[in-house]
Amino acid sequence: MKIARVFAHRVELPLHEGSYKWSGGKSVSVFDSTIVGVETDTGTVGYGEVCPLGPFYLPAYAEGVRAGLRELAPHLLGMDPRELSKLNGRMDAALKGHPYVKSGIDMACWDLLGQATGLPVCVLLGGRFGESVRLYRAISQESPQQMAEKVAGYRQQGYTRFQLKVGGDPDVDIERIRAVRGMLDPTDRLVADANTGWTQHEAMRVVRGVRDVDVYIEQPCLSYEECLAVRRHTDHPFILDENIDCLEMLLRGRSDLAMDVVNLKISKLGGLTKTRQVRDLCVSLGIAMTLEDSWGGDITTAAIAHLAHSTPVEYRFTATDFNSYVTVSTAKGAPRRENGFMAASQAPGLGIEPDLAVLGRRVVDVA
Ligand code: MG
């Protein structure tokens, strides 16, 4: 089996809530997603998806995915898509860095491996743990009252895990955390994700201001060193996200005991192959994980479901069903949230069938 063609579609994904806002006044109203197809000489096609959280979150942007695919694809023609380590080696040799560009190709090749073997990707990634995957809901940054109302609404839909977008004015953030925690059950879990938005002294004030509150603190500051300083001054469970962008940073964080949980995003790490490597190491080291991506629709959500479902339950902190945030469906067969949980498909590969009418014309086509 050989890669005969690499192509991509650009899809706009508007949001049910209209916009998504987080630290530093950043917001997105329509996501720009790239659906990547890898076609083989036998005619089978695997699909992946890359959707940055705007151009100002991680070092990634939507047009960069397409430009990178045009650069990378000629180096992959003729390769066996089932040989994922070889494929990733070739991608790293042909293009330095740019993990998010490689993520969609890697995801599509896992889809092909699954189709070729007749197995769901979660089985290939290690096995299906538990019946389903518990989801969290990210709560866009609004006033404390508005955020509490949103949480109440999503709780009605079955969610029991919530991630508040903070990283704004520290005094308002303290109010946001208190307003939401006050209306949750003791067994519900609450994360305050500052997305690098606080300076170190602001983060210190917030963790003191919510000292008596049951809340996890996620990525308070921009640099690893600032986060580590905050971590060493608080007993709140601590999550690192933006700083954990490669295996080396995970090992450094582990060595410093800098976090209790890490947030693994598939495109931040460069695809399912590299995320699996980090995930498996986290399991061996006893570090729990949020398993997700930066954003996406049905195909990203399917990939997250397979990654999360193949992670032992005790290390699976939460995962994300991005396809329930956006108004456009791009594929059949993607997981659908039920009462705050989702499950990976039992079908071979990612278990999705793209809706070609929604995807439109190809914006990248290399054969
Ligand atoms: Mg985060």
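When a ligand or atom number is given, it counts from 1 through the structure's own listing order. All heavy atoms count here, side chains included; hydrogens, waters and symmetry mates do not.
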Chemist: Considering only N, O or S atoms, which atom of E218 is nearest to the Mg ion (ligand 1)?
Modeler: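 Sorting the N, O and S atoms of E218 by distance to the Mg ion (ligand 1) puts OE2 first.
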Chemist: Other residues, nucleotides and ligands only: do more than 12 of their heavy atoms fall within 6.0 Å of NE2 on H236?
Modeler: yes
Chemist: For the Mg ion (ligand 1), give me the closest N/O/S atom belonging to D241, just the atom name.
Modeler: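 The atom in question is OD2.
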Chemist: Just wondering, are more than 12 heavy atoms of other shown residues or ligands nearer than 6.0 Å to CD in Q157?
Modeler: yes
Chemist: When you check the gap from the basic side-chain N to the acidic O, do R66 and D32 get nearer than 4.0 Å?
Modeler: yes
Chemist: Can we say R181 and D214 salt-bridge, meaning some charged N sits less than 4.0 Å from an Asp/Glu carboxylate O?
Modeler: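 Yes, charged N to carboxylate O under 4.0 Å.
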Chemist: Among the N, O or S atoms of D193, which one sits nearest to the Mg ion (ligand 1)?
Modeler: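 The D193 atom nearest to the Mg ion (ligand 1), restricting to N, O or S, is OD2.
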